[in-house]
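Below is one structure, written out as structure tokens, with a few remarks after it.
Below, chain A is the first sequence line, B the second, and so on; all start at residue 1.
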Number of protein chains: 2
Amino acid sequence: MDVSEMYHDEFYSFLTGRVSTAIGRRLQRNFKLIGLNITAEQWSVLYFLWNAEGISQQELARLTFRDKPSISRLISNLEKQKLLVRVNGSGDRRMNQIYLTAQGHRIKDKCMAQAEKTISEAMSGVDTESMRQAQALLEIVFNNLK
Amino acid sequence: MDVSEMYHDEFYSFLTGRVSTAIGRRLQRNFKLIGLNITAEQWSVLYFLWNAEGISQQELARLTFRDKPSISRLISNLEKQKLLVRVNGSGDRRMNQIYLTAQGHRIKDKCMAQAEKTISEAMSGVDTESMRQAQALLEIVFNNLK
DNA sequence: GGCTAAAAGTTGTTGATGCAATTAAAAGAT
DNA sequence: ATCTTTTAATTGCATCAACAACTTTTAGCC
């Protein structure tokens, strides 16, 4: 599409990601609301670990669309909070395999409930079909840029 | 809409803002490509100043959807780079009025060209009508959360 | 006018990001 | 078997964000 067809507000909003910022803030606020002291970014790492424990930091970087240093530090903070542990790779010793602690498992349901609450709040007044179409468009944009 | 109707990927993508992250990175990369050493966040401040010089930091915070400390530091960095200056408010001395330097004005066209380039790259293969609908949806979401 | 409350900015702390450079271990090449 | 190249992770540096606490100046109120 042609840029000249965009309004100023759309132009600005598109490039700065105001909506994503708002969603991220609300997510973190909803965690805090029930006494969960984790950040939205930490949640994004845990999200994949709840599904597939023992994966490497490299793999987490790929899944969460972050670079290796970011993951390294996110993992360090999560380790400090005793939500997961690094285990030195048995076969390949360059690699760390990441495992959740009991506490890391325990908070899953509460976290996911707040994540769903956040989506419900965000999606108020939005119909499913519009959402489908918007998601499809965002997928195209993502593939254009990644 | 109901959360249970979302796919896993959509759910994750929505809450983490992968697309916005990708857009922000590309924008910054496109600035760097032509030798402009400004961040995407700095651009978002300049964007409003190119339109309305002399506004306060408070006003910039409102416009860019950031808090006052964030704006304070963004302004400090932009001042270090000699792109703008703080002028102590003539009427109300609590306030700073922000003015662009000659250099701040000079980079406008180059910055906006790269911003438009970024949108073109992102929007490849997207038709205007789909974009309109997606923007309308994001506007609803933003108003739900702001 | 003088006291209190509100508003505009700043600073400190902690967590996150991007990029570049580095370390350690594995894989490939000859 | 040794040397070189890749790969996984970490560290350093600069910037940005959220939250809380603080300073300075203005506004409100009696």
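Here B/Ile71 lies out of heavy-atom contact (under 4.0 Å) with every strand. Nucleic acid contact class of A/Asp92 (heavy atoms, under 4.0 Å, all strands): sugar-phosphate only. Residue A/Gln42 is in sugar-phosphate contact alone, with no base atom involved, counting any heavy-atom pair closer than 4.0 Å across all strands shown. Counting any heavy atom pair closer than 4.0 Å across all strands shown, B/Asp67 reaches a base atom. Counting any heavy atom pair closer than 4.0 Å across all strands shown, B/Gly91 reaches sugar-phosphate atoms only and no base atom. Note on A/Ser76: nothing from the nucleic acid sits closer than 4.0 angstrom, heavy atoms only.
A/Asn77 has a side-chain polar atom (N or O) that falls below the 4.0 Å cut-off from OP1 or OP2 of C/dA16. Look at B/Ser72 and you won't find any side-chain N or O under 4.0 angstrom from OP1 or OP2 of C/dG9. Between A/Ser70 and C/dT17 there is a side-chain N or O to OP1 or OP2 distance below 4.0 Å. At D/dA17, none of the side-chain N or O atoms of A/Gln28 fall inside 4.0 Å of OP1 or OP2 (strictly under the cut-off). One finds no side-chain N or O of A/Asn37 lying less than 4.0 angstrom from the OP1 or OP2 phosphate oxygen of C/dG15. For the pair A/Asn96 and D/dT10, the criterion of a side-chain N or O lying under 4.0 Å from OP1 or OP2 is met. In this structure, A/Arg66 reaches the C/dT17 phosphate: one of its side-chain N or O atoms is under 4.0 Å from OP1 or OP2. At least one side-chain nitrogen or oxygen of B/Gln58 sits closer than 4.0 Å to the OP1 or OP2 atom of C/dA8. The phosphate of C/dT10 has OP1 or OP2 within less than 4.0 Å of a side-chain N or O from B/Arg86.
Relative to the six-membered ring of A/Phe31, A/Arg26 misses at least one condition, a distance below 6.0 Å or an angle of at most 45° to the axis. A cation-pi arrangement is not found for A/Arg18 relative to A/Tyr12, the charged atom failing to lie both closer than 6.0 Å to the ring centre and inside a 45° cone about the ring normal.
With the nearest nucleotide of DNA chain D identified for both B/Gln81 and A/Arg25, B/Gln81 has the one nearer the 5' end. Nearest-nucleotide assignment on DNA chain C puts the 5′-proximal partner with A/Lys80, out of A/Ser90 and A/Lys80.
A salt bridge links A/Glu59 to A/Arg62: one of the charged nitrogens lies within less than 4.0 Å of a carboxylate oxygen.
At least one donor-acceptor pair closer than 3.5 Å links the side chain of A/Thr118 to the backbone N or O of A/Gln114. Between the B/Gln97 side chain and the B/Val87 main chain, no donor and acceptor come within less than 3.5 Å of each other. A distance-only check finds no donor-acceptor pair linking the side chain of A/Trp50 to the backbone of A/Asp109 [under 3.5 Å].
Computed from coordinates, the B/Arg62 CZ to C/dG9 C1' distance equals 18 Å when rounded to whole Å. Spacing between atom CG of B/Leu78 and atom P of D/dA14 amounts to 17 Å, rounded to whole angstrom units. With rounding to whole Å, A/Ile55 atom CD1 is found 10 Å from D/dA9 atom P. With rounding to whole Å, A/Gln97 atom CD is found 19 Å from D/dT7 atom P. Note: CD (A/Glu59) to C1' (D/dA8) measures 13 Å, nearest angstrom. Taking atom CZ of B/Phe31 as the reference point, atom P of D/dA14 lies 22 Å away to the nearest angstrom. For the pair B/Ile38 CD1 and D/dC16 P, the computed distance is 10 Å after rounding to whole Å. In this entry the distance linking CZ of B/Arg93 with C1' of D/dA27 reads 15 Å, nearest Å.
Looking at B/Gln57 and B/Lys68, their side chains never come closer than 4.5 Å, going by heavy atoms from C-beta outward.
Less than 4.0 Å separates DNA chain C from no heavy atom of any residue of residues 98-107 of chain B. Taken residue by residue, residues 15-22 of chain B places no heavy atom nearer than 4.0 Å to DNA chain D.
Checked against B/Ile38 for a side chain to side chain contact (heavy atoms under 4.5 Å, CB included), the options B/Gln81, B/Lys32, B/Gln28 give a single hit: B/Gln81.
Hydrophobic clustering of Ile, Leu, Val, Met, Phe, Trp and Tyr side chains at less than 4.5 Å, counting indirect connections, keeps A/Tyr99 apart from A/Val45. A single hydrophobic cluster is not seen to contain both B/Phe48 and B/Met95; linkage of ILVMFWY side chains at heavy-atom distances under 4.5 Å, directly or through other members, places them apart. Under the 4.5 Å side-chain contact rule for hydrophobic residues, A/Ile98 and A/Val85 do not share a cluster.
Side chain to side chain, B/Ser44 and B/Arg66 meet the donor-acceptor criterion of an N or O pair below 3.5 Å.
Residue A/Glu41 places its side chain closer to C/dT17 than to any other of D/dA8, C/dC19, C/dT17.
Applying the 3.5 Å distance criterion, the base of D/dT24 shares no donor-acceptor pair with the side chain of B/Arg94. At a cut-off of 3.5 angstrom, counting only N and O atoms as typed in the model, there is a donor on one side and an acceptor on the other between the side-chain of B/Arg73 and the base of C/dG12.
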